[in-house]
Trainee: 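Let me give you the structure first, and then I'll get to my questions.
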Protein chains: 2
Amino acid sequence: MKRRNTHSTAEIFEVLKSSGNALSHDMIQENIGSDIDRATIYRVLNRFCEDGKVHKVIGDDGKQYFAICHNCSGKNQVHSHNHIHFRCLHCGKVECLERDLAVPLPEGYVAKVHNLVISGFCNSCS
Amino acid sequence: MKRRNTHSTAEIFEVLKSSGNALSHDMIQENIGSDIDRATIYRVLNRFCEDGKVHKVIGDDGKQYFAICHNCSGKNQVHSHNHIHFRCLHCGKVECLERDLAVPLPEGYVAKVHNLVISGFCNSCS
DNA sequence: ATATTATCGCAACAAGGTCGCATTATGAAT
DNA sequence: ATTCATAATGCGACCTTGTTGCGATAATAT
Ligand SMILES: [Mn+2]
Ligand SMILES: [Mn+2]
Ligand SMILES: [Zn+2]
Ligand SMILES: [Zn+2]
């Protein structure tokens, strides 16, 4: 299962990188030049996640958002990013607030995945 | 639009209360005695939310979970609960960790809704 | 008891995401 | 350069979660 370099993967990664934010599937499809199938986009994104190049967040709208990983060592499927994400209710932007958050859990609880989203109005929209 | 007391509302609220956790639609349908239609359950739950009796969390599985509000003054549709929720990857339980969390946002950002979920293994499953 | 209308049940719908499968095209081997 | 194995794609079908329209039912007030 060695990865291949395809047009799709290159373009999708480029869109994610140049955006700098977390993007949903349809945001990616809009910002992309060529026509790439929905299923392909999801498959590419999930592959990126497996490879530790990208992480996924579920928004409070129930949609999946994908953002490039920074300082992400592990290549595991689940690389926990314990930072907050902010989703603007006006412009739709979803960004990673890179400041890490220490979350205290009760005794005996083991955290595997952090999915922290705050929605509201961003600095450009408030 | 005055609310009426129906079997459905009573039963659903009772299930939520006796459970003590945040429940998804299908969890409610399982734990309920009678047969209540899916659409009705959602409508009842959304009414509860509007009335400030219940709050909703989107899990990292993309599903909606509903939990009874404690210390919730406002009757607004959006009553922000800035506490963490924990979803157990083994037993499926979703609970409100009632300890409030102070989240620092960058200048100019206005928080409206908090959707904070950590998944992993609870004390009974770790 | 009657009237009003909030709520219900059912079916249809919509959105987001996944999967199976035949086809394409990447990267390695010759 | 050609051939080969198979990763990746496109398309359609499918699934799950949740919402909506509408006629039927039942909760409350008079
Ligand atoms: Mn992030
Ligand atoms: Mn809660
Ligand atoms: Zn904005
Ligand atoms: Zn558990």
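Only heavy atoms go into these numbers, but all of them, side chains included; no hydrogens, no water, no symmetry mates. Quick caveat: nothing in here was measured; it's all calculated off a predicted structure. In what follows, chains are A, B, ... by sequence order, proteins preceding strands, each numbered from 1.
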Trainee: For R47(A), which contact category applies under a 4.0 Å heavy-atom criterion: base, sugar-phosphate, or nothing?
Mentor: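 Sugar-phosphate, no base atom in range.
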Trainee: Just to confirm, is there a sub-4.0 Å distance from OP1 or OP2 of dT19(D) to any side-chain nitrogen or oxygen of Y42(B)?
Mentor: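 No, outside the criterion.
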Trainee: Taking atom P of dG17(C) as reference, at what distance in whole Å does atom CD1 of I28(A) sit?
Mentor: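 Atom CD1 in I28(A) sits about 10 Å away from atom P in dG17(C).
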Trainee: Step by step, would you call L16(A) with L45(A) a side chain to side chain contact (heavy atoms under 4.5 Å, CB included)?
Mentor: CA-CA 10 Å; L16(A) 282 177; L45(A) 290 169; 3.9 Å; yes
Trainee: Which part of the nucleic acid, if any, lies within reach of S8(A) when heavy atoms closer than 4.0 Å are counted: base, sugar-phosphate only, or nothing?
Mentor: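 Touches sugar-phosphate only.
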Trainee: Which whole-number value in Å describes the distance from L45(B) CG to dC8(C) C1'?
Mentor: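 That distance rounds to 14 Å.
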Trainee: If we fit an axis to the first five pairs and another to the last five of the helix from dA1(C)-dT30(D) to dT30(C)-dA1(D), what angle do they make, to the nearest 10°?
Mentor: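 For the helix from dA1(C)-dT30(D) to dT30(C)-dA1(D), the axes at either end differ by 30°.
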Trainee: Looking only at the aromatic ring of each residue, does the gap between the centers of H83(A) and H55(A) stay below 6.0 angstrom?
Mentor: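 Distance test on ring centres: under 6.0 Å, yes.
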Trainee: Starting at atom CG of D35(B), determine the distance to atom C1' of dC8(C), rounded to an integer number of angstrom.
Mentor: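 Atom-to-atom, D35(B) to dC8(C), this comes out as 13 Å.
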Trainee: Using a 4.0 Å heavy-atom cut-off, write out nucleotides 19-30 of chain C from 5' to 3' as B (base contacted by protein), S (sugar-phosphate only) or - (no contact).
Mentor: BB----BBSS--
Trainee: Give the rounded distance in Å between these two atoms: CD of E50(B) and C1' of dA6(C).
Mentor: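 The answer, rounded to whole Å, is 13 Å.
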Trainee: Which heavy atom in Y65(A) sits nearest to a heavy atom in S24(A), and how many Å separate them?
Mentor: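 Taking Y65(A) first and S24(A) second, the nearest heavy atoms are CD2-N, 3.5 Å.
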Trainee: Atom CD of E11(A) and atom P of dA8(D): how far apart are they, to the nearest Å?
Mentor: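 Value for this atom pair: 17 Å.
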Trainee: Nearest of dT7(C), dG9(C), dT17(D) to any side-chain atom of K63(B)?
Mentor: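 Comparing dT7(C), dG9(C), dT17(D) against the side chain of K63(B), the answer is dT17(D).
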Trainee: Would you check if the side chain of S126(B) reaches a backbone N or O of G108(A) as a donor-acceptor pair within less than 3.5 Å?
Mentor: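 Here the side-chain-to-backbone pair exists.
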Trainee: Taking atom CG of L89(A) and atom NZ of K112(B), what is their separation to the nearest 0.5 Å?
Mentor: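 So the gap between those two atoms works out to 9.0 Å.
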Trainee: Taking all non-hydrogen atoms of both residues, which atom of G62(B) and which atom of I58(A) are closest, and how far apart?
Mentor: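 Nearest heavy atoms, G62(B) then I58(A): CA-CG2, 3.9 Å.
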Trainee: Checking contacts here: which listed nucleotide (dT9(D), dC8(C), dA13(D)) is nearest the side-chain heavy atoms of V44(B)?
Mentor: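 Of dT9(D), dC8(C), dA13(D), dC8(C) is nearest to the side chain of V44(B).
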Trainee: Rounded to the nearest angstrom, tell me the gap between atom CG in D61(A) and atom C1' in dG18(D).
Mentor: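 Value for this atom pair: 13 Å.
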Trainee: To the nearest Å, give me how far apart CD (Q29(A)) and P (dG16(C)) are.
Mentor: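 Whole-Å distance recorded here is 11 Å.
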Trainee: Give a yes or no on whether a donor-acceptor pair under 3.5 Å exists between the nucleobase atoms of dG18(D), that is its base, and the side chain of R38(B).
Mentor: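 A donor-acceptor contact between them is present.
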Trainee: Give me the ring orientation class for H25(B) and Y42(B): parallel if the planes are under 30° apart, tilted from 30 to 60°, perpendicular past 60°.
Mentor: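 Ring orientation, 0 to 90° scale: parallel.
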Trainee: Could you tell me how far apart D26(B) (CG) and dT17(D) (C1') are, to the nearest whole angstrom?
Mentor: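 In whole Å, dT17(D) C1' and D26(B) CG are 9 Å from each other.
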Trainee: Among all residues two or more places apart in sequence or in another chain, which pass the salt bridge (Lys or Arg N to Asp or Glu O under 4.0 Å) test with E95(B)?
Mentor: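 With neighbours one apart ignored, the set is K93(B).
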Trainee: Measuring centre to centre across the rings, with the benzene-like ring taken for any Trp, is F48(B) within less than 6.0 Å of F66(B)?
Mentor: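 They do not qualify: ring centres at least 6.0 Å apart.
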